[in-house]
2 protein chains.
Amino acid sequence: MGIFSKTCEYAIRAVFYIAQKSQEGQKTGIKEIAENIDSPEAFLAKILQKLSKVGLISSSKGPTGGFYLDTVGLQRPLADIVAAIEGDDIFTGCGMGLSYCSEENPCPLHKDFKKVRNQIIKMLHETTIGKFNQELINGQLTLNK
Amino acid sequence: MGIFSKTCEYAIRAVFYIAQKSQEGQKTGIKEIAENIDSPEAFLAKILQKLSKVGLISSSKGPTGGFYLDTVGLQRPLADIVAAIEGDDIFTGCGMGLSYCSEENPCPLHKDFKKVRNQIIKMLHETTIGKFNQELINGQLTLNK
DNA sequence: CCAATAAAGGACTTTTTTATCCTTTATTAA
DNA sequence: TTAATAAAGGATAAAAAAGTCCTTTATTGG
Ligand code: FES
Ligand code: FES
């Protein structure tokens with residue numbers, strides 16, 4: 001596994017896809033999303049349900065329904081998605097699994113790991129969900145290769 | 001979970017502990033290690049078996065036996081431990097789970113994630129297993145808080 | 001109203017990770 | 001040579017993550 005869980009990876013890819021579609025003025029359904037981000041449909045449905053329930057994405061039922069993001073949603077940091085799925089361990093936890101990370105009782109990796117963690121935090125906070133819409137629409141970036 | 005699996009976290013903590021003891025001229029047994037790094041004993045045994053089999057740590061059976069590291073072992077990078085436990089996904093994989101990471105078909109996070117990944121690689125390659133022995137012996141660093 | 005559509009939700013299964021227990025093998029020292 | 005000790009190894013078990021399937025609820029357009 002990478003640094004995020006599979007669930008979280010699907011979530012990130014899905015919100016980028018939904019963002020792209022929203023930018024183009026369209027709602028999109030689970031089936032379409034799953035195909036375009038290469039994820040299992042039923043499982044993705046559960047993930048989007050969760051994101052929807054906590055208000056990170058919007059959804060509507062019935063024909064013409066689907067998932068979408070409003071302007072506010074498009075400007076949220078990716079960190080919100082990750083936090084909703086994984087909790088905040090990745091933002092605060094110790095790199096080698098100590099029960100908490102602290103300056104007073106640092107683990108051997110503390111100094112170096114803090115840099116790693118800060119870089120992750122920076123990446124996730126500076127990236128808004130809608131940040132890459134244009135590149136995605138242009139096909140300069142991919143969500144499924 | 002943090003960026004490493006629990007198994008990997010135990011492995012890292014354990015080798016640091018074994019390194020410390022080796023520096024002090026002592027072998028150490030599973031029970032002692034497990035107590036000092038706060039890990040389940042039987043599970044840790046499996047992990048150390050694996051590291052032992054691939055030659056990253058040494059062991060000897062019977063009374064006076066235990067796990068230890070020779071001078072060569074103490075100088076290996078932590079990356080070797082992580083690779084033995086987790087494979088090299090963390091060193092090469094895509095941050096949002098695409099099947100491979102590439103410049104030609106980058107995901108939205110590629111540019112930023114490369115920095116994160118390089119920082120992780122740097123940390124794991126520049127840290128030798130024996131690097132923190134003195135601080136561990138002095139109690140300036142901890143493996144179990 | 002009704003049929004079709006799409007998300008929400010509940011119940012479940014599979015797979016992977018984490019963890020335990022018990023037996024076997026090797027080594028030591030008395 | 002034997003009793004004690006400690007790692008190695010096999011067989012399971014428990015818990016968590018990943019994944020599926022089917023029913024319910026809401027919405028739409030005819
Ligand atoms: S104590 Fe381990 S990263 Fe801070
Ligand atoms: S393609 Fe995703 S990190 Fe390189």
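Proteins come first, then strands; the chains are lettered A, B, ... in the order of their sequence lines, and each starts at number 1. When reading the values below, keep in mind they use all heavy atoms of this one structure, side chains included, and skip hydrogens, waters and symmetry mates. Quick caveat, the model's predicted, so the values are computed rather than measured.
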Legend entry - Integer-rounded Å distance: C:dT17 C1' and B:Glu86 CD: 11 Å
Inset, instruction - Keeping the roles fixed (side chain from A:Arg13, backbone from A:Asp38), state whether a donor-acceptor pair exists under 3.5 Å. - result: yes
Legend entry - Verify same cluster id: A:Tyr68, A:Leu48 (apolar side-chain graph, 4.5 Å): no
Inset, instruction - Under 4.0 Å from any atom of DNA chain D, heavy atoms only: list the residues of residues 10-35 of chain A that qualify, in numerical order. - result: A:Tyr10
Inset, instruction - Please report, rounded to the nearest Å, how far the P atom of C:dT16 is from the CD1 atom of B:Ile85. - result: 18 Å
Legend entry - Donor-acceptor contact below 3.5 Å, side chain B:Arg117 vs main chain B:Thr92: yes
Inset, instruction - Examine A:Ile121 and B:Met1 and state if one hydrophobic cluster contains both, with Ile, Leu, Val, Met, Phe, Trp and Tyr joined whenever side-chain heavy atoms are less than 4.5 Å apart. - result: no
Inset, instruction - Classify the side-chain pair A:Glu32/A:Tyr17 by whether it contains a donor and acceptor separated by less than 3.5 Å. - result: yes
Inset, instruction - Please answer whether the main-chain N or O of A:Leu69 pairs with a side-chain N or O of A:Ser22 as donor and acceptor at a distance below 3.5 Å. - result: yes
Legend entry - Contact summary for B:Ile85 and B:Lys50, nearest pair of heavy atoms: O-NZ, 4.3 Å
Inset, instruction - Measure the distance from CZ on B:Phe67 to P on D:dT5 and round it to the nearest whole Å. - result: 18 Å
Legend entry - Shared hydrophobic cluster for A:Phe43 and B:Leu98 (ILVMFWY, side-chain gaps under 4.5 Å): no
Inset, instruction - For the pair A:Glu86 (side chain) and A:Ser5 (backbone), establish whether a donor and an acceptor sit closer than 3.5 Å, ignoring hydrogens and angles. - result: yes
Inset, instruction - Check each residue of residues 41-65 of chain A for a non-hydrogen atom within less than 4.0 Å of any atom in DNA chain D, then write out the ones that pass by number, or none. - result: A:Ala42, A:Phe43, A:Lys46, A:Lys61, A:Gly62, A:Pro63, A:Thr64
Legend entry - Bend angle of the helix from C:dC1-D:dG30 to C:dA30-D:dT1, end axes from five pairs each (to 10°): 10°
Inset, instruction - Compare side-chain N and O positions of A:Thr7 against OP1 and OP2 of D:dA18 and report whether any pair is under 4.0 Å apart. - result: yes
Inset, instruction - Using only heavy-atom distances, determine whether the side chains of B:Lys145 and A:Ser99 contain a donor-acceptor pair under 3.5 Å. - result: no
